[in-house]
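Inspection log for the structure reproduced underneath, given as structure tokens.
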Amino acid sequence: MPELPEVETVKRGLERLIVGKTIASAQFDTPKSFPNAEADVASFLAGSSVVAVHRRAKVLLIGLSTNYSLVIHLKMTGQLVFVGDKERFGAGHPNASLIGQLPDKSTRVTLTFSDGSRLYFNDQRKFGWMRLLPTPEIVNLDFFKKVGPEPLSADFSWQNLQARLQRRKNTNIKAALLDQTVVAGIGNIYADESLWGAKLHPTTLVKNVPAAKYKPLYTAMQAVLTQSIAEGGSSDRNYVDAEGSRGRYLNFAAVFRREGRPCPRCNTLIVKTRVAGRGTHTCPKCQKLVN
DNA sequence: CACTTGACCTGTCCGC
DNA sequence: TGCGGACAGGTCAAGT
């Protein structure tokens with residue numbers, strides 16, 4: 001599910017909805033969705049308040065007043081949905097319709113705030129996880145030590161993208177884009193969309209990618225990610241934002257989930273194949289293999 | 001080491 | 001309808 005734009009959308013929603021709230025109680029299933037939830041974690045959480053929400057790559061960080069953080073990976077089907085309390089959020093509230101809908105059978109963790117509002121961590125496939133860690137220890141996690149740069153950060157250049165992709169010279173360009181140590185936050189949707197934008201075939205070996213393609217690839221990646229964030233991300237199946245709303249980006253996607261439909265550039269029908277073990281969408285005319 | 005493939009889960013969809 | 005198999009947005013560990 002969530003790639004960079006979806007996690008960023010959730011992050012912005014949570015920033016608006018839960019910063020300043022105090023956790024009154026926590027419930028979770030263990031150990032799958034909360035691997036370090038010892039018996040006293042719920043009582044430890046109670047009374048701490050949310051001071052900040054951050055995103056790095058596809059990981060969400062909820063900073064608490066105790067100098068601990070909740071570290072959350074939504075993986076394929078995770079959701080973080082905030083639901084206001086009945087008294088204060090009546091019919092007029094954007095997600096008032098969710099009151100009574102949650103928790104459901106996919107709910108793994110529930111945080112109840114002191115004003116009666118709740119944050120639900122739902123995850124149908126149980127690949128996602130939530131951990132409680134001392135905030136200073138987060139940088140020591142293997143994932144954070146190895147993860148590549150943020151593709152939308154001001155100091156990330158097309159030359160930087162080229163150099164990092166070329167570390168994976170014998171693999172195909174799609175697998176290299178999906179490698180989180182090359183660049184952070186790209187998943188299957190935005191890999192396909194970025195490659196279409198740069199007119200690159202996903203099975204092109206990195207060592208065969210023409211040097212002139214890296215700048216278009218960088219430009220396409222930034223454009224795709226930026227537009228998706230503006231549209232609230234992509235909802236293919238499970239993804240919803242922090243208020244339970246679906247993203248709109250797939251209305252604008254060029255190739256993803258558009259097999260059998262015309263390429264927006266040349267009207268050739270989009271085809272679906274399998275690359276790097278993932279469903280892959282390409283325009284057979286625009287994206288020529290150069291191996 | 002670099003690279004590829006399966007496993008982790010549940011739900012849904014498609015073909016027989 | 002029922003059933004089996006493929007597949008679904010991510011990451012690891014284990015294999016070659």
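Sequence lines set the chain letters: A, B, ... in the order given, protein chains first and strands last, and positions in each chain run from 1.
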Given C:dG10, is OP1 or OP2 found less than 4.0 Å from the side-chain N or O atoms of A:Lys58? yes
From CD of A:Glu6 across to P of C:dA8 the rounded distance in Å is 16 Å
Rounded P spacing from C:dC7 to B:dT5 in Å: 14 Å
Can you tell me how far P in B:dG11 sits from the matching atom in C:dT11, rounded to whole Å? 22 Å
Scan A:Arg108 against the nucleic acid and name what it touches under 4.0 Å (heavy atoms): base, sugar-phosphate only, or nothing. nothing
Sugar-phosphate only, base, or nothing, as touched by A:Gly279 at under 4.0 Å among non-hydrogen atoms: sugar-phosphate
Look at the aromatic rings of A:Phe143 and A:His73 and report parallel, tilted or perpendicular, splitting at 30° and 60°. perpendicular
note: A:Arg257, atom CZ; C:dA8, atom P; distance rounded to Å ~ 6 Å
Integer angstrom distance from the P of C:dG5 to that of B:dA7: 15 Å
Between C1' of C:dC12 and CG of A:Asp142, the distance in whole Å: 11 Å
A:Glu3 side chain vs A:Asn188 backbone, donor-acceptor pair below 3.5 Å: yes
How would you label the contact of A:Asn170 with the nucleic acid (heavy atoms, under 4.0 Å): base, sugar-phosphate, or nothing? sugar-phosphate
Any side-chain N or O of A:His73 under 4.0 Å from OP1/OP2 of C:dG10? no
Spacing of A:Leu4 atom CG relative to C:dG10 atom C1', expressed in whole Å: 14 Å
Across the strands shown, which category fits A:Ser106 at heavy-atom distances under 4.0 angstrom: base, sugar-phosphate, nothing? nothing
Taking the side chain from A:Arg55 and the backbone from A:Val59, do they hold a donor-acceptor pair closer than 3.5 Å? no
From NZ (A:Lys288) to OG1 (A:Thr204), nearest 0.5 Å: 12.0 Å
For A:Leu177 and C:dG10, give me the distance from atom CG to atom P, rounded to whole Å. 12 Å
Report the distance from atom CG of A:Leu178 to atom P of C:dG10, rounded to the nearest whole Å. 7 Å
For A:Asp236 and C:dC7, give me the distance from atom CG to atom P, rounded to whole Å. 15 Å
Pairing nucleotide - B:dC14, Watson-Crick or G-U, each distance under 3.5 Å: C:dG4
Which is true for A:Tyr190 with a 4.0 Å heavy-atom rule: it touches a base, it touches only sugar-phosphate, or it touches nothing? nothing
Backbone N or O of A:Leu225 within a donor-acceptor pair of the A:Gln227 side chain at under 3.5 Å? no
Tell me what A:Lys146 touches on the nucleic acid: a base, only sugar-phosphate, or nothing, going by heavy atoms under 4.0 Å. nothing
Looking at A:Glu150 and A:Ala184, would you say the former's side chain and the latter's main chain have a donor-acceptor pair under 3.5 Å? no
Tell me whether the side-chain N or O atoms of A:Arg125 pair up with the base of C:dA8 as donor and acceptor below 3.5 Å, since no angle test is needed here. yes
If you take the centroid of each ring, where Trp contributes its six-membered ring, are A:Tyr249 and A:Tyr190 closer together than 6.0 Å? yes
Just checking, is any N or O donor in the side chain of A:Lys105 or A:Asn122 under 3.5 Å from an acceptor N or O on the other one? no
Quick one: label A:Gly187 by what it contacts on the DNA or RNA (base, sugar-phosphate, nothing), any heavy atom closer than 4.0 Å. sugar-phosphate
Taking CD1 from A:Ile72 and P from C:dT11, how many angstroms apart are they, rounded to a whole number? 15 Å
With a 4.0 angstrom cut-off to heavy atoms of chain A, pull out the first and last contacting nucleotide of DNA chain B, in 5'-to-3' order. B:dC3 to B:dT12
